[in-house]
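Data block below; observations after.
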Amino acid sequence: MAVATVQPDPGRPQAGVPSDGGRWDQVEAKMRELGYRPDALIEVLHTAQEAFGYLDPEVLSYVGDRLGVPQSKAYGVATFYSYFTLEPVARHSCVVCTGTACYLDGAGALLGAVTGVLAARGKEAAPDRWLSLEEVRCLGPCSMAPVAVVDGEVHGKLSPPELASLVEAL
Amino acid sequence: MSAAAPAAAPAGAQPPRASANVCQAASCLAMGSAEVCQALEAEVAAAGLADVTVRRVGCLGLCAAGPLVEVPEQGRIFERVVPGDPSSHEALLASLKGEAQGGRPVASDPFYSRQVKVVLERCGKVDPENIDDYLATGGYEALAKVVGSMSPDEVTSEVVKSGLRGRGGAGYPTGLKWRTVAKEAGVAGKFVVCNADEGDPGAFMDRSVMESSPHQVLEGMAIAGYAVGANRGYVYVRAEYPLAAERLALAIRQAEQKGYLGARVAGTRFSFHVELRMGAGAYVCGEETALIASIQGERGTPRPRPPYPAASGLWGCPTLINNVETFANVPSIIKRGGEWFSSIGTERSKGTKVFSLAGAVKNTGVIEVPMGLTLREIVFDIGAGLAPGRRFKAVQTGGPAGGCLPEELLDMPVDYESLTQAGSMMGSGGMIVMDDTSCMVDVAKFFMDFCRQESCGKCVPCRVGTHEMWRSLDRMTRGVANRRDLEQLESLAGMVRAMSLCGLGQGAPSPVFSTLRYFRDEYLAHIDEHVCPAGSCPMGAAEPVAAGVGQA
């Protein structure tokens with residue numbers, strides 16, 4: 001399950017022109033900072049995902065080439081780690097913590113509440129467009145269980161109706 | 001164990017008559033403590049309280065009652081100081097004005113008074129984003145002493161003498177590990193790595209330490225570097241902890257500027273460079289060989305040991321890997337001596353342990369206790385017990401490789417050996433209290449689901465075994481299991497423990513073993529009677545499964 005606290009990024013630059021736009025510059029700067037070493041791959045993928053919102057084949061192949069990492073390995077790393085996402089992110093994100101404390105305190109009901117909102121919205125609210133619903137195993141503020149993060153904002157001690165209305169208000 | 005003194009005021013200025021230390025760790029921040037801080041500054045200015053300062057500090061401990069504000073001069077902590085709710089500020093302001101005393105008294109409240117703070121001595125006392133605060137409380141004195149007047153061997157001997165054991169879970173003697181790395185030739189260099197990939201669900205004490213006193217971790221790493229002969233260090237932080245990473249990055253820059261990290265540490269010929277590396281959401285990277293692979297930009301898959309990282313770690317070089325809390329203990333050990341440290345705790349478990357207390361207790365948060373305190377003291381004195389009407393059922397320690405300990409073990413001392421004997425483990429320090437509404441079969445299923453998803457897939461016993469165990473447990477919680485599922489679960493659990501490549505797989509069966517050992521009746525109720533005694537499994541509480549008939 002990916003954790004996309006990164007804001008969606010609708011204005012992605014045209015494909016194939018790695019010199020245009022500040023986003024590519026950010027990625028380039030990170031690679032330069034780390035000396036274009038192959039072992040910088042994960043750090044650079046973090047920067048690329050921050051810049052573009054997700055890692056598409058073009059970004060992966062560009063980063064791989066610059067760092068001297070085979071495509072297969074760049075793809076392997078990007079898919080191994082759940083933090084990286086290869087799909088465009090939705091406009092809004094809801095991340096429900098399913099760590100131990102949250103699980104015991106009703107994380108399942110929170111997930112159900114958001115699924116309910118998504119179902120009620122029908123096709124117009126397909127999960128990959130309007131809202132991405134994700135699970136993450138423990139964000140750490142266990143004292144506030146159950147916890148959910150809606151568009152980057154952490155909410156604790158949530159009831160299912162509270163989370164449903166937070167999501168509906170997006 | 002005196003807590004660190006409040007940070008010094010600028011030279012020449014009068015110390016404040018009272019100060020409001022506002023917690024700026026992740027939990028309180030999520031409750032609005034940044035806004036609380038701004039509001040307080042405005043309120044203090046409006047009231048003309050020139051001799052009152054508002055300060056941003058790290059974790060104050062009682063996360064359940066955040067946002068928290070401490071008035072250290074009065075020894076009081078104010079709870080639930082909510083932004084935009086002036087009434088919750090009234091008692092605090094009255095206290096700052098000297099008109100009244102409110103809040104929770106630190107000296108007499110068991111949550112605070114039963115704790116002994118070594119690792120957390122600066123948490124909630126210093127501004128984590130200001131190195132001057134750290135220096136004013138004796139920070140980097142241990143490092144200066146080490147590089148200025150001790151030989152590497154003397155440093156290691158002090159750590160050996162302290163009896164400190166690894167706080168990441170396994171409890172390997174830290175001094176021995178240091179000595180092993182120190183003995184390696186390391187012609188191509190050596191490395192020090194801080195494992196800050198605190199992945200156990202329900203564990204958040206390392207996050208708290210990094211967010212509250214990042215320099216303390218860096219100082220411990222630099223001392224380790226000097227002792228083992230390493231000039232480069234990495235902190236590997238999990239991606240879910242952006243605030244911890246941000247504060248560590250800032251602390252590294254500040255320490256470099258002040259000459260405590262970088263080319264000439266404290267003006268000597270010793271150099272020590274630290275870099276931050278972010279994890280990317282893989283639990284297995286807490287395992288040391290997987291962590292090394294991840295720092296090298298690869299998939300985080302473990303490899304067989306030996307060779308251990310002490311001999312062949314990062315890029316094949318000798319590498320010392322310790323956990324956040326282990327490093328955070330080191331400056332105090334150097335300053336006060338190994339003997340002092342070993343006077344705390346039990347015969348074989350020295351010092352203190354930081355726990356994150358969560359779940360069904362009233363006082364949840366980050367605590368530090370001497371080794372050997374009993375579970376009962378932690379749960380019922382510090383944790384203040386359970387909510388009215390709820391009954392204690394179990395406490396889970398050690399994360400997905402740990403176990404659930406029942407009521408009859410509440411008087412057991414908390415140390416490495418006792419926990420292991422009881423079928424759990426110290427682990428990194430997550431402690432989750434469960435009441436009678438939690439089903440132990442479901443809890444075992446939860447952890448198995450976790451391990452099944454986090455298995456890296458490299459070895460078959462873990463990849464397939466955790467999945468098959470989860471399937472058996474899932475059948476039990478749905479009321480469709482029979483005795484053969486139980487037999488298969490038990491035999492698989494033994495096989496996965498014995499055959500898996502790394503700690504993730506080897507530890508994965510532990511929650512199953514411990515719940516079978518102490519709560520076998522619950523398993524049998526699910527299997528033979530199709531009933532979940534706790535009433536939390538989808539099969540329904542009292543009624544045997546009626547195959548979903550009559551649903552609307």
Side-chain angles (χ1 to χ4, degrees), chain A residues 1-6 33-34 37-47 49-50 63 67 69 73-85 95 97-108 134-145 147 149 152-157, chain B residues 26-31 62-66 198-204 207-208 239-242 244 277-283 285 294-301 315 356-360 364-366 396 399-400 430 432 434-435 437-438 442-443 446-447 449-450 453-454 456-457 536:
Chain A
M1 299 290 151
V3 194
T5 46
V6 184
E33 180 196 326
L34 296 172
R37 295 200 319 258
D39 54 71
L41 180 62
I42 293 175
E43 289 293 303
V44 175
L45 292 182
H46 271 298
T47 306
Q49 182 160 301
E50 258 168 52
V63 170
L67 299 180
V69 173
K73 190 175 162 188
Y75 183 78
V77 167
T79 51
F80 180 85
Y81 293 97
S82 62
Y83 199 84
F84 296 130
T85 172
V95 181
C97 179
T98 53
T100 319
C102 291
Y103 179 78
L104 294 172
D105 259 334
E134 287 142 14
E135 293 174 42
V136 60
R137 299 286 192 176
C138 203
L139 291 163
C142 307
S143 289
M144 299 161 58
V147 171
V149 185
E153 198 167 316
V154 182
H155 299 271
K157 295 176 184 166
Chain B
S27 201
C28 280
L29 280 175
M31 307 287 249
L62 188 54
C63 307
E198 181 176 56
D200 287 358
F204 52 93
R207 170 179 69 75
S208 196
E240 290 83 349
Y241 289 175
R277 282 289 177 272
M278 296 301 287
Y283 174 70
C285 288
S294 188
I295 291 181
Q296 295 179 176
E298 294 156 18
R299 294 159 49 113
T301 49
W315 296 287
S356 53
L357 193 56
T364 59
V366 180
Q396 206 278 341
I432 296 145
M434 298 171 189
D435 63 20
T437 64
S438 292
D442 188 51
V443 167
F446 165 80
F447 283 113
D449 190 32
F450 179 88
Q453 290 185 27
E454 294 297 337
C456 79
S536 75

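Residue numbering restarts at 1 for every chain, and letters A, B, ... go by the order of the sequence lines. Keep in mind that the numbers below use all heavy atoms, side chains included, and drop hydrogens, waters and symmetry copies.
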- Message: Need one label for B:L29: side chain, backbone, both or neither, based on atoms under 4.5 Å from any heavy atom in chain A.
- Response: neither

- Task: Decide yes or no for B:Y241 and A:L139: does some side-chain heavy atom of the first lie under 4.5 Å from some side-chain heavy atom of the second?
- Result: no

- Is the backbone N or O of B:M278 less than 3.5 Å from a side-chain atom of A:E43, with the two atoms forming a donor-acceptor pair by type? yes

- Query: So A:R137 and B:Y283, side chain to side chain contact (heavy atoms under 4.5 Å, CB included) or not? Walk me through it.
  - Reply: CA-CA 9 Å; A:R137 299 286 192 176; B:Y283 174 70; over 6 Å; no

- Message: What part of B:A30 gets within 4.5 angstrom of chain A, counting heavy atoms only: side chain, backbone, both, or neither?
- Response: both

- Message: Is there a side-chain contact between A:K73 and B:E298 in this structure, where contact means two heavy atoms from C-beta onward sitting under 4.5 Å apart?
- Response: yes

- Inter-residue atom distance A:S82.OG - B:E454.CD, 0.5 Å rounding: 6.0 Å

- Task: Would you check if the side chain of A:H46 reaches a backbone N or O of B:A239 as a donor-acceptor pair within less than 3.5 Å?
- Result: no

- Task: With a 4.5 angstrom heavy-atom cut-off, could you sort out which part of B:C28 is near chain A: side chain, backbone, both or neither?
- Result: neither

- Where do A:Y103 and B:D442 land on the side chain to side chain contact (heavy atoms under 4.5 Å, CB included) test, with the steps shown first? CA-CA 10 Å; A:Y103 179 78; B:D442 188 51; 2.9 Å; yes

- If you tally heavy-atom pairs under 4.5 Å against chain A, which of B:Q396, B:M434, B:Q296, B:R277 wins? B:R277

- Query: Taking every heavy-atom pair that is under 4.5 Å apart, which of B:A358, B:S294, B:G202, B:A280 has the most such pairs with chain A?
  - Reply: B:A280

- Residue B:D435 versus chain A: region with a heavy atom under 4.5 Å: neither

- Contact part of B:V366 toward chain A, heavy-atom cut-off under 4.5 Å: side chain, backbone, both or neither? neither

- Item | Donor-acceptor pair, side chain of A:Y81 and main chain of B:G300, under 3.5 angstrom | yes

- Query: What's the shortest heavy-atom distance between B:R299 and A:V77, and which atoms?
  - Reply: N-CG2, 3.7 Å

- Determine the minimum heavy-atom distance between A:G99 and B:F446, stating which atoms define it. C-CZ, 3.6 Å

- Is there a donor-acceptor pair under 3.5 Å between the side chain of B:S27 and the backbone N or O of A:P141? no

- Query: Could you give the distance from CD1 (B:I432) to SG (A:C142), rounded to the nearest 0.5 Å?
  - Reply: 6.5 Å

- Go through the atoms of B:S356 and report whether side chain, backbone, both or neither lie under 4.5 Å from a heavy atom of chain A. neither

- Query: So what's closer than 4.5 Å to chain B heavy atoms on A:T79: side chain, backbone, both or neither?
  - Reply: neither

- Query: So do the side chains of B:M31 and A:K157 get within less than 4.5 Å of each other, counting heavy atoms only?
  - Reply: yes

- Message: Taking side chain as everything from C-beta outward and backbone as N, CA, C, O, which of these in B:R207 sits under 4.5 Å from a heavy atom of chain A? Side chain, backbone, both or neither.
- Response: side chain

- First locate atom OG of A:S143, then atom CZ of B:F204, and finally report the distance between them rounded to the nearest 0.5 Å. 4.0 Å

- Message: So B:I295 and A:I42, do their side chains get closer than 4.5 Å, heavy atoms only?
- Response: no

- Message: Tell me which of these, A:L41, A:T100, A:T98, has more heavy-atom pairs under 4.5 Å with chain B than the rest.
- Response: A:T100

- Query: Of all of A:V147, A:L104, A:V154, A:V69, which one pairs up most often with chain B through heavy atoms under 4.5 Å apart?
  - Reply: A:L104

- Query: Who among A:G76, A:A145, A:A101, A:G156 has the most heavy-atom pairs with chain B under 4.5 Å?
  - Reply: A:G76

- Message: Among residues at least two apart in sequence or on other chains, which ones pass side chain to side chain contact (heavy atoms under 4.5 Å, CB included) with A:A78?
- Response: A:L45, A:L55, A:L60, A:L86

